[in-house]
Amino acid sequence: WGNATGDATDYSSTHTTGNNVTLSGGTSSKVNISSTEYTAQKAGTANSGGGSITIKIPANTTKLYFHMAGWNREGGKSISVTSNDANVSVYSASFTTVADAGISGTSTTYTLSGTISNYSESITLSNVTKETTLTFANGGKNERFVIWGANVNVGTPATGYISSCCNSLA
């Protein structure tokens with residue numbers, strides 16, 4: 001995570017979502033990390049499993065950073081990533097949730113268990129010429145997951161990066 005060639009910011013410990021990034025599509029929720037709550041989206045339910053979360057990113061996004069955890073004892077599941085724009089290239093278009101205690105809780109506030117660095121993810125993108133929606137989806141029962149702390153780098157290596165971080169949503 002972070003500080004790869006051209007990246008301006010290391011988001012591995014940033015849990016708020018950037019001002020120009022929108023998380024939606026799942027169940028609006030909160031993730032509790034060290035007694036602080038952060039805005040999140042959860043895909044799937046105990047009864048239906050499966051589901052999806054969308055992340056809307058601005059034009060010229062080159063990298064998306066986010067945190068993702070599988071549900072308690074439901075780790076090791078594949079999450080696919082697709083774009084609503086066929087011209088956008090999504091590198092690392094699938095992820096596997098960490099097979100550990102993950103996220104747990106009731107209602108819409110969930111507690112993260114485990115080492116936070118295990119949940120940091122990033123995606124490199126190209127050809128993002130307009131606002132684009134990325135969909136994170138899984139397919140089956142007992143494949144719930146939560147995403148929070150989405151941030152982007154916008155620009156190209158030739159023009160530099162503008163980091164988008166953070167509005168306080170806690």
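Owing to the predicted nature of the structure, the values given are computational and were not obtained by experimental measurement. No hydrogens, no waters, no symmetry mates; every other heavy atom, side chains included, goes into these values.
Using a distance-only test at 3.5 Å, with no hydrogens or angles considered, no donor-acceptor pair links the side chain of Asp85 to the main chain of Thr133. For Asn60 (side chain) and Pro58 (main-chain N/O), no donor-acceptor pair under 3.5 Å exists by modelled atom type.
Here the closest heavy-atom approach between residue Ser94 and residue Ser78 is recorded as CB-OG, 4.5 Å. Among all heavy-atom pairs drawn from Leu112 and Ala69, the shortest one is CD1-CB, 4.0 Å. Minimum interatomic distance between Val88 and Ser83 (heavy atoms only, all atoms of both residues): CB-OG, 3.6 Å. The minimum heavy-atom distance between Ser122 and Tyr65, with the atom names listed, is CB-CD2, 3.7 Å. Contact detail for Ile123 and Tyr91: the closest heavy-atom pair is CG2-O, 3.3 Å.
Between Thr132 atom OG1 and Ile57 atom CD1 the span is 5.0 Å, to the nearest 0.5 Å. The CD atom of Glu131 lies 7.0 Å from the OG1 atom of Thr22; values are rounded to the nearest 0.5 Å. Going from atom OG1 of Thr97 over to atom CG of Asn118 covers 12.0 Å, rounded to the nearest 0.5 Å. How far OG of Ser35 is from CD1 of Ile33: 11.0 Å, rounded to the nearest 0.5 Å. Rounding to the nearest 0.5 angstrom, the gap separating the CG atom in Asn153 from the OG1 atom in Thr61 is 8.5 Å. In this structure, the separation between OG1 on Thr36 and NZ on Lys30 is 11.5 Å, given to the nearest 0.5 Å.
Put simply, the side chain of Val128 does not reach to within 4.5 Å of the side chain of Thr62, judged on heavy atoms. Within the 4.5 Å cutoff, the side chain of Val90 has heavy atoms near those of the Leu134 side chain. Within the 4.5 Å cutoff, side-chain heavy atoms of Asn20 are placed close to those of Val154. No side-chain heavy atom of Val21 sits under 4.5 Å from any side-chain heavy atom of Lys56. The closest side-chain heavy-atom distance from Val146 to Val31 is below 4.5 Å. Side-chain atoms of Asn84 and Thr54, non-hydrogen and from C-beta on, never get closer than 4.5 Å to each other. Counting only heavy atoms from C-beta outward, the side chains of Ile55 and Leu64 approach each other to under 4.5 Å.
Figure legend: Lys77 and Trp71 shown without cation-pi pairing, the cationic atom not lying both under 6.0 angstrom from the six-membered ring centre and within 45 degrees of its axis.
With 3.5 Å as the limit, one finds a donor-acceptor pair spanning the side chains of Gln41 and Ser28.
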Please evaluate residues Tyr38 and Thr17 with respect to the criterion side-chain hydrogen bond (donor to acceptor under 3.5 Å, both in side chains), reporting the C-alpha separation (whole Å), side-chain torsions for both, the decisive distance (0.1 Å), and the verdict. CA-CA 8 Å; Tyr38 300 95; Thr17 294; over 6 Å; no
Using the rule given for side chain to side chain contact (heavy atoms under 4.5 Å, CB included), can you reason through Leu125 versus Lys63, listing the C-alpha separation, both sets of side-chain angles and the distance that settles it, and then say yes or no? CA-CA 6 Å; Leu125 302 144; Lys63 195 115 177 182; over 6 Å; no
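Between Trp148 and His67, the angle of the ring planes stays under 30°, which puts this pair in the parallel group of the 30/60° scheme.
In summary, of the residues considered (Leu23, Ile147, Asn151, Ile53), a side-chain contact (heavy atoms from CB on, under 4.5 Å) with Phe66 occurs for Ile147 alone.
Here Phe145 and Phe95 keep their ring centres 6.0 angstrom or further from each other.
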